[in-house]
Amino acid sequence: MILTSQDFILLCFQFPLCLWLVKYLSKRVDENLRSHFKRGIILKLIACIVLGLIYQFYYGFGDTLMYFNHSKFLTGAIVKSPKNTFSYLFSTDDEFYSFFSYYIDQLYEASYYFRTANITMIKIAAVFNFISLNSFFGTGFIFCFFSYFGQWKIFTVFYRAYPDIGEKFAYSLYIPSVIFWSSGILKDSFCIGCIGLIIYICENLSFKNLRILIKIPILVICCYLTFIIKAYILFCLLIPLIVWRYSLIIKRIGFKLFVKRYLWLNAILAFFVFSFGHIKALFQDVSLPDLYLLLLKTRTGFESSTDSDGSSFTLGEFSPTITGFLTQIPKAVNAVIFRPYVWESKKIFSLVAAGESLMFLFIAIFVFYKTGIKSSIKIILNNPDVFFC
């Protein structure tokens, strides 16, 4: 078992400590939003505990347990040899393996957990372990706070943009799947924290403010870590983020003044466009057939977990061409947002997910019915915030 009696003993002290910290931090939040702030983070902390218990006593294994288990080993190695801390934490994959081959070679799951993204998660958790006293729940709580910090930053962006209805955006903090899957020691927890900071900093970026000297390094670090852990998130976020930022500026000051005043910004964008050929060259070995094979491998993994997870779906066969991928987009969007359907759920956990998906389906139908499909498309295209989302 990964969870030990020490984890549960420390939990008795760490959870009340976290509640006190929530109360302390909430004093720095707008009084009108204080209840939302406290409720959201407390739900996430509870979800972290539930996540650990489910993975330990229901599944018996899982990423969150393995990240913690391997991070404890790394924390121990740092304690034994403090002078090597920098080398361990900033090592490449090959260097990391050379340091700890005697440990990695004994593991049956080494080929999966010791890839770049997972090694990065192990390193981050190992650092947090020093604060949590090597406690699973304590380290998970730190991930929760970082994740929630990012979510809260996204909320504040839209709260300020729409003061009349701003408080309603707080309901985004209570989406069950987001609460659960962005809690604890998981890639999603860390990435959602980074995404929140990226969006918040980009929306608030002002070159007249000296705080930019702090914001730019944070932005770069968040982008880098997101790229290392889940690169596709950064790829999906980058272009909408640039378009959104440009649209907001143009909306505020007008196009002509924008061209004159933000000449430097246009120059930077032109540089990136010019560099696209060089960026593309970095990925020239990744062809559509290679991506297709990767998707097939991933899909096989999903289908093989049907019995244990209680729900599955398939998009069917498709060819490894651009047309083949594009034809799958409607099915994929439907699968991500509106599935699993209630009748596809075989276990209690997938039934909860199905309930959430059904809620999103009803909301989508209601919005399009109330607003009209034409009007909805017009609003999306004319409102930079909605278009970005």
Side-chain angles (χ1 to χ4, degrees), residues 117 120 146-162 166 169 172-173 175 178 181-182 187-209 211-255 257-259 261-280 282-283 286 329 332-333 336-337 376-389:
T120 304
F146 179 70
S147 170
Y148 191 72
F149 184 66
Q151 282 183 260
W152 187 258
K153 287 300 181 184
I154 295 174
F155 161 66
T156 55
V157 165
F158 292 99
Y159 176 77
R160 287 201 312 265
Y162 302 93
F169 288 104
S172 65
L173 302 170
I175 299 172
V178 178
W181 293 113
S182 66
K187 291 178 184 175
D188 301 298
S189 302
F190 197 79
C191 285
I192 207 167
C194 289
I195 291 168
L197 285 172
I198 291 168
I199 292 173
Y200 179 78
I201 291 173
C202 285
E203 200 271 340
N204 286 274
L205 206 57
S206 171
F207 286 82
K208 296 177 182 178
N209 194 322
R211 286 187 179 179
I212 191 174
L213 298 175
I214 300 172
K215 289 180 178 179
I216 291 295
I218 293 174
L219 180 64
V220 171
I221 291 169
C222 287
C223 287
Y224 175 73
L225 289 173
T226 304
F227 177 79
I228 292 295
I229 295 172
K230 287 196 173 187
Y232 64 84
I233 290 178
L234 195 62
F235 291 146
C236 291
L237 184 63
L238 197 57
I239 293 176
L241 203 57
I242 292 171
V243 172
W244 180 52
R245 179 64 178 168
Y246 262 64
S247 301
L248 287 175
I249 297 171
I250 293 170
K251 190 177 179 182
R252 287 170 189 164
I253 67 174
F255 183 74
L257 189 59
F258 165 75
V259 173
R261 189 179 292 179
Y262 289 88
L263 184 63
W264 54 268
L265 189 60
N266 296 316
I268 292 173
L269 186 63
F271 171 76
F272 277 113
V273 172
F274 176 75
S275 302
F276 178 74
H278 303 289
I279 295 169
K280 191 177 178 182
L282 294 174
F283 300 96
V286 183
I329 288 176
V333 170
V336 169
I337 301 176
S376 297
I377 293 171
K378 191 176 179 181
I379 291 168
I380 290 169
L381 294 176
N382 290 335
N383 186 312
D385 297 319
V386 179
F387 186 75
F388 167 67
C389 291

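Since we're looking at a predicted model, the values are computed, not measured. Here, residue 1 is the first one in the sequence, and each next residue gets the next number.
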>> Just to verify, which of Ile175, Thr156, Ile192 counts as forming a side chain to side chain contact (heavy atoms under 4.5 Å, CB included) with Gln151?
In response: Ile192
>> If you compare all heavy atoms of Leu234 against all heavy atoms of Ile198, which two are closest, and at what distance to 0.1 Å?
In response: CD1-CD1, 4.4 Å
>> Quick one, Ile218 and Tyr200 - any side-chain contact, counting heavy atoms below 4.5 Å?
In response: no
> What closest approach, in Å, do Lys230 and Asp188 show between heavy atoms, and which atom pair accounts for it?
Replying inline: NZ-OD1, 2.8 Å
> How about Lys378 and Asn382: do any of their side-chain heavy atoms sit closer than 4.5 Å?
Replying inline: yes
> Rounded to the nearest 0.5 Å, what separation is found between the CD1 atom of Ile229 and the OH atom of Tyr224?
Replying inline: 10.0 Å
>> Distance check, rounded to the nearest 0.5 Å: Phe388 atom CZ versus Ser247 atom OG?
In response: 11.0 Å
>> Any non-hydrogen side-chain atom of Lys153 less than 4.5 Å from a side-chain atom of Ile199?
In response: no
> Can you tell me how far the SG atom of Cys194 sits from the CG atom of Leu225, to the nearest 0.5 Å?
Replying inline: 5.5 Å
> So do the side chains of Ile233 and Lys187 get within less than 4.5 Å of each other, counting heavy atoms only?
Replying inline: no
> Is the number of heavy atoms from other residues, nucleotides or ligands under 6.0 Å of Phe169 CZ greater than 12?
Replying inline: yes
>> Nearest 0.5 Å, please: how far is OG in Ser182 from OH in Tyr148?
In response: 10.5 Å
> To the nearest 0.5 Å, what is the distance between CZ (Phe227) and OG1 (Thr120)?
Replying inline: 11.0 Å
> Stepwise, does the side chain to side chain contact (heavy atoms under 4.5 Å, CB included) test hold for Phe387 with Asn383?
Replying inline: CA-CA 6 Å; Phe387 186 75; Asn383 186 312; over 6 Å; no
> Counting only heavy atoms not in Ile239, do more than 12 sit closer than 6.0 Å to its CD1 atom?
Replying inline: no
> Going through the checks in order, is the side chain to side chain contact (heavy atoms under 4.5 Å, CB included) test met by Cys389 and Phe158?
Replying inline: CA-CA 11 Å; Cys389 291; Phe158 292 99; 3.6 Å; yes
> Trp152 and Phe155: aromatic ring centres closer than 6.0 Å?
Replying inline: yes
>> Can you give me the closest heavy-atom contact between Arg245 and Glu203, atom names plus distance?
In response: NH1-O, 3.1 Å
> When rounded to the nearest 0.5 angstrom, what is the spacing between SG in Cys191 and CD1 in Ile228?
Replying inline: 11.0 Å
